[in-house]
Amino acid sequence: VTERYRSDAYRARLTEKAGDGKIPSEADDDLLASLRAFLDLDDATVETIHVDICAAAYASSVRETMGSSGIILDEYREGLEKLQTRLRIPDSVAEEIYLGEARRKLKELGDKAVESMMEAMKKETEAPKEGEDAGKMNMDARVAITAAATQLVDFARAAKLTIEEGDQVIAKVNLRGITDPKSLKELYKQFLVECFQGQGEQSDKLFAQSPVLGKVLGLEESETNSIKTDLGSLIYRNYLNKALQERTPNDEDREFLASIQTALGMDAALCDRLLEDMKKLRVSTMVEQMFDGSNLSAESVATVRETSERFGLEIGVDLQLPQNRLTRMFRAEIEDAIASGDVPADDTGRLSELKEAYSLPEAVVTKELEQCIEKRCAGHLLQAGSALRRGQNDAVVEEIDMLIRFNSLMPFKVTSNAVLPNELEDLLMRYQASAMKDGPLDAEGEKRMSVLRTALGLEKATNETVSA
């Protein structure tokens, strides 16, 4: 009982001198020291009483020294240490109070940073008013994000809230649990975006702050890594989407992408997949545009295929295109190749190249080739007959030339009800006359005439008969 009366007496006098956040004077300190000696109180009891009564005063002093910026100057920090001693606040309690006040200040600065970020993102979506410079507005807003986030880092460091050893950062307090987690993640992401907007030393300085910012925001390593990966992937895709429309990735492109990978600590395998995926996307987009725009020509198809090959892709395998599209693309190219003379009957190398490029089954290639040849032969014969009736001999020769090119790959009799038997003989005669205008036919000429006779169903006709 006596001990309780003694502690209550001291509590009452301490409350009088230091209660309600008051700071006792030096005279009060001397009085309290004498009282403690008179009452013969042990240190543990005195400590408990001082914590109960003086903690509020110490917390108030911490808030005052932090001020609006939250940064405590060294001379003020020394004053806090002296006050702690006078108030007989244990180090552990003083540290707890200090960190509590620091966290309160950190939240204040964090809310300001989130507000700046939201304002910047809002301005980016708003149309500028008359006379306003949208670019300058957005730049100012983005600068505000950097400034607010940097202030968080500066405060944490100045307030000695972080322990930094090499790449390792420990934050004694953070914003986790007291600020919306989605906002914290978005703030970290937007800060990283601003890091890339900077140049040279400015960019390096901002990147150096990012590990500290992540810890001060209270983000786990897995969360910051995820944000970095998502942002890096976005930068990769945006950059490659534009670059691949103009060129195959060059040394400059690879150097830039490598810098992104290093800066954000991205997994090398992921970066390789992103590059591969963007190449596939580029070629697939070209295919879609070609079909949607009804621009399926030999030239457009060749451009798509050659782009795919430059990217190191197999158009018939890697893009997973439907077989009907691959078939139409193959037909467009092979038809043009035959028409231009790139696929002679005695050298089908070009045909084999295209078949391999599109990875089509042999049966499909054979069917497409047959249909193509039959259609083109019938068409050229029809046009040749029409030109004959109009008396256009040059046109007749041109059409027959094309008929021979296609029919030589798969000789057969071309049937056409629109061309009469006597017209067939006339076509043969006119073409032979044109072929022999500079002298007798050579071996190649004879071969072409043989193909034409087969196509016209005039195999029994001889040079002498036709000449007659």
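Because the structure is predicted, anything quoted here is derived from the model rather than measured. The residues of the chain are indexed from 1 along the displayed sequence.
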- Do L326 and S359 come close enough that some side-chain heavy atom pair is under 4.5 Å? no
- Note on the structure: Of all heavy-atom pairs linking L99 and L161, the shortest is CD2-CD2, 3.8 Å
- Message: Run the side-chain contact (heavy atoms from CB on, under 4.5 Å) test against T307 and tell me which residues pass, sequence neighbours left out.
- Response: V283, M286, T303, R310, F311
- Message: Can you tell whether the side chains of K367 and E370 come within less than 4.0 Å, N to carboxylate O?
- Response: no
- Test item: L369 and I338 side chains (from C-beta on) under 4.5 Å apart, heavy atoms: yes
- Query: Hey, what do you get for CG (L213) to OG1 (T150), rounding to the nearest 0.5 Å?
  - Reply: 8.0 Å
- From T415 atom OG1 to L456 atom CG, the distance as rounded to the nearest 0.5 Å: 11.0 Å
- Message: Regarding K107 and D111, does a basic nitrogen lie under 4.0 Å from an acidic carboxylate oxygen?
- Response: yes
- Task: Supply the atom-to-atom distance I404 CD1 to K447 NZ, rounded to the nearest 0.5 angstrom.
- Result: 12.5 Å
- Item | Y98 side chain near R77 side chain, heavy-atom distance below 4.5 Å | yes
- Task: Could you tell me whether R104 and E101 make a salt bridge, using a distance below 4.0 angstrom between a side-chain N and a carboxylate O?
- Result: yes
- Item | Salt bridge R157-E164, side-chain N to carboxylate O under 4.0 Å | yes
- Query: Thinking salt bridges, do K105 and E108 make one under a 4.0 Å N-O criterion?
  - Reply: yes
- So does R282 pair up with E246, basic N to acidic O under 4.0 Å? no
- Message: Please report the interatomic distance CG(L296) to CD(E333), rounded to the nearest 0.5 Å.
- Response: 10.0 Å
- Spacing of CD1 belonging to I235 relative to NZ belonging to K228, to within rounding of 0.5 Å: 12.5 Å
- Item | Basic-acidic side-chain contact under 4.0 Å: E252, R247 | no
- Message: Would the distance check show the side chain of D336 and the main-chain N or O of A332 forming a donor-acceptor pair, the cut-off being under 3.5 Å?
- Response: no
